[in-house]
Amino acid sequence: MPRMRIRPVRYDHPDALKLDGIVQQEYAELYGNDGDATPLAPAMFAPPHGLYLLAHDETGRPVGTGGWRAQDDTSEGYEEGDAEIKRMFVVREARGRGLARRILALLEDDARRAGRTRMVLETGARQQEAITLYESSGYVPAPRKFGLYRFEALSRCYTKPLRQPAQAPPPQPPAR
C-alpha cells in the first residue's frame, strides 16, 4: 500500500479547501442540493477544541480530510463533552486502502486526549460507505438526532463513547 502522510492543518488550508469543494460536489450529486450547509470556520477546529487532518498520497496530492470540533450546544441535541466529526472524506481514487479508518482513529485519540467524552457524527442515508466505516468502528445509531440536519429524513446520526464507563466493583460475598 502506498504511504499516506496525515498531518494537522487549518480548516482553511488550500488543499483542505480543494477537497471540501470535491466533497460538496459529491453531496450535491447524492442529495440533489448545493452540498452541506453546516456553518464551519477554521477556529472551530483549533486545538484543544478541535483538530483538522489532511492526508496526502506519496506524490503529495491531497486525498483525504477529517476533523473534529467540540460540541456542547444542547439546543441542537448535543451533550456536554461531545466531539463532532466533520468533513470525513477520501477521494474516490484513494478509497479502500484504510485511509478513512486511520484518520478516524487519529481524530478519536485526539478528542479523547482533549477530554471529550463522546464522539458524534451525522451522515446521510445515501452514504453507505461512510455508514459501513462508522458502524465497523464502533459507532451506533444515536437515540436522538443532533446537528443542522437533525429533522431531515435522510439524516443518520451516530455516537461512540470515548471513555469507558467506570466498572462497578465486583460483588462481595455476604458477611457471615
Side-chain angles (χ1 to χ4, degrees), residues 1-71 82-139 147-149 155-162:
M1 176 171 88
R3 181 88 174 125
M4 300 283 179
R5 185 175 54 118
I6 303 170
R7 64 186 176 105
V9 298
R10 285 182 44 95
Y11 176 69
D12 59 356
H13 183 282
D15 286 343
L17 293 175
K18 178 180 178 180
L19 292 184
D20 190 63
I22 296 170
V23 74
Q24 293 296 345
Q25 288 174 338
E26 283 197 21
Y27 292 155
E29 290 168 15
L30 287 169
Y31 300 103
N33 57 26
D34 293 330
D36 182 358
T38 303
L40 298 175
M44 294 176 176
F45 299 100
H49 305 289
L51 177 70
Y52 202 77
L53 298 174
L54 179 64
H56 289 89
D57 68 11
E58 65 282 354
T59 70
R61 182 174 69 110
V63 293
T65 62
W68 76 266
R69 63 182 180 159
Q71 277 294 16
D82 280 352
E84 182 184 28
I85 295 286
K86 292 304 292 179
R87 294 299 186 266
M88 279 293 300
F89 177 69
V90 174
V91 297
R92 287 183 176 120
E93 309 81 56
R95 293 178 187 166
R97 301 182 199 171
L99 180 57
R101 192 169 302 281
R102 285 178 53 204
I103 292 171
L104 185 60
L106 290 168
L107 294 173
E108 290 172 355
D109 288 346
D110 188 72
R112 191 177 293 110
R113 281 192 304 275
R116 299 276 105 185
T117 56
R118 182 176 79 152
M119 195 64 92
V120 300
L121 64 93
E122 188 274 337
T123 191
R126 295 181 180 152
Q127 294 165 258
Q128 193 55 53
E129 289 174 284
I131 290 170
T132 299
L133 167 69
Y134 298 132
E135 289 179 349
S136 69
S137 298
Y139 287 77
L148 182 65
Y149 296 101
S155 173
R156 300 294 182 266
C157 294
Y158 288 86
T159 65
K160 179 180 181 179
L162 290 175

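Just so you know, these numbers come straight off a predicted model, no measurement behind them. We're numbering straight along the sequence, starting at 1.
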Can you sort out the partners of Asp36 under salt bridge (charged side-chain N to carboxylate O under 4.0 Å, His left out), two or more places apart, ordered by chain and number?
-> Lys86, Arg87
Hits for ring-ring contact (aromatic ring centres under 6.0 Å, His included) against Tyr52, two or more places apart or cross-chain, chain-then-number order -> Tyr11, Phe45
Could you list the residues that satisfy ring-ring contact (aromatic ring centres under 6.0 Å, His included) with Tyr158, not counting sequence neighbours?
-> none
How would you list, by chain and number, every residue that makes a side chain to side chain contact (heavy atoms under 4.5 Å, CB included) with His13, sequence neighbours excluded?
-> Arg7, Val9, Asp15, Ala16, Leu54
Go through the structure and list residues passing salt bridge (charged side-chain N to carboxylate O under 4.0 Å, His left out) with Glu129, not counting sequence neighbours.
-> Arg95
Would you mind reporting whether Asp20 and Val23 have side-chain heavy atoms less than 4.5 Å apart?
-> yes
Considering the options Arg116, Lys160, Arg118, which one meets the salt bridge (charged side-chain N to carboxylate O under 4.0 Å, His left out) requirement together with Asp82?
-> Arg118
May I have the step-by-step check of salt bridge (charged side-chain N to carboxylate O under 4.0 Å, His left out) for Arg156 and Glu135, ending in yes or no?
-> CA-CA 12 Å; Arg156 300 294 182 266; Glu135 289 179 349; over 6 Å; no
Check side-chain hydrogen bond (donor to acceptor under 3.5 Å, both in side chains) between Arg101 and all other residues, then give those that pass, not counting sequence neighbours.
-> Ser136, Ser137
List for me each residue that meets side-chain hydrogen bond (donor to acceptor under 3.5 Å, both in side chains) alongside Asp109, sequence neighbours excluded, and say none if there are none.
-> Arg112
Qualifying ring-ring contact (aromatic ring centres under 6.0 Å, His included) pairs, either residue in residues 98-135, two or more places apart | Tyr134-Tyr139
Sorted by chain and residue number, the side-chain hydrogen bond (donor to acceptor under 3.5 Å, both in side chains) partners of Thr117 (sequence neighbours excluded) come out as none
Any chance you could lay out the salt bridge (charged side-chain N to carboxylate O under 4.0 Å, His left out) test for Glu29 and Arg92, step after step, and finish with the verdict?
-> CA-CA 14 Å; Glu29 290 168 15; Arg92 287 183 176 120; 3.5 Å; yes
In chain order, what residues pass the side-chain hydrogen bond (donor to acceptor under 3.5 Å, both in side chains) check against Arg10, with sequence neighbours excluded?
-> Asp12
With sequence neighbours excluded, what pairs up with Glu122 under the salt bridge (charged side-chain N to carboxylate O under 4.0 Å, His left out) test?
-> none
Side-chain contact, heavy-atom cut-off 4.5 Å: Arg61 with Val91?
-> yes
Check salt bridge (charged side-chain N to carboxylate O under 4.0 Å, His left out) between Arg5 and all other residues, then give those that pass, not counting sequence neighbours.
-> none
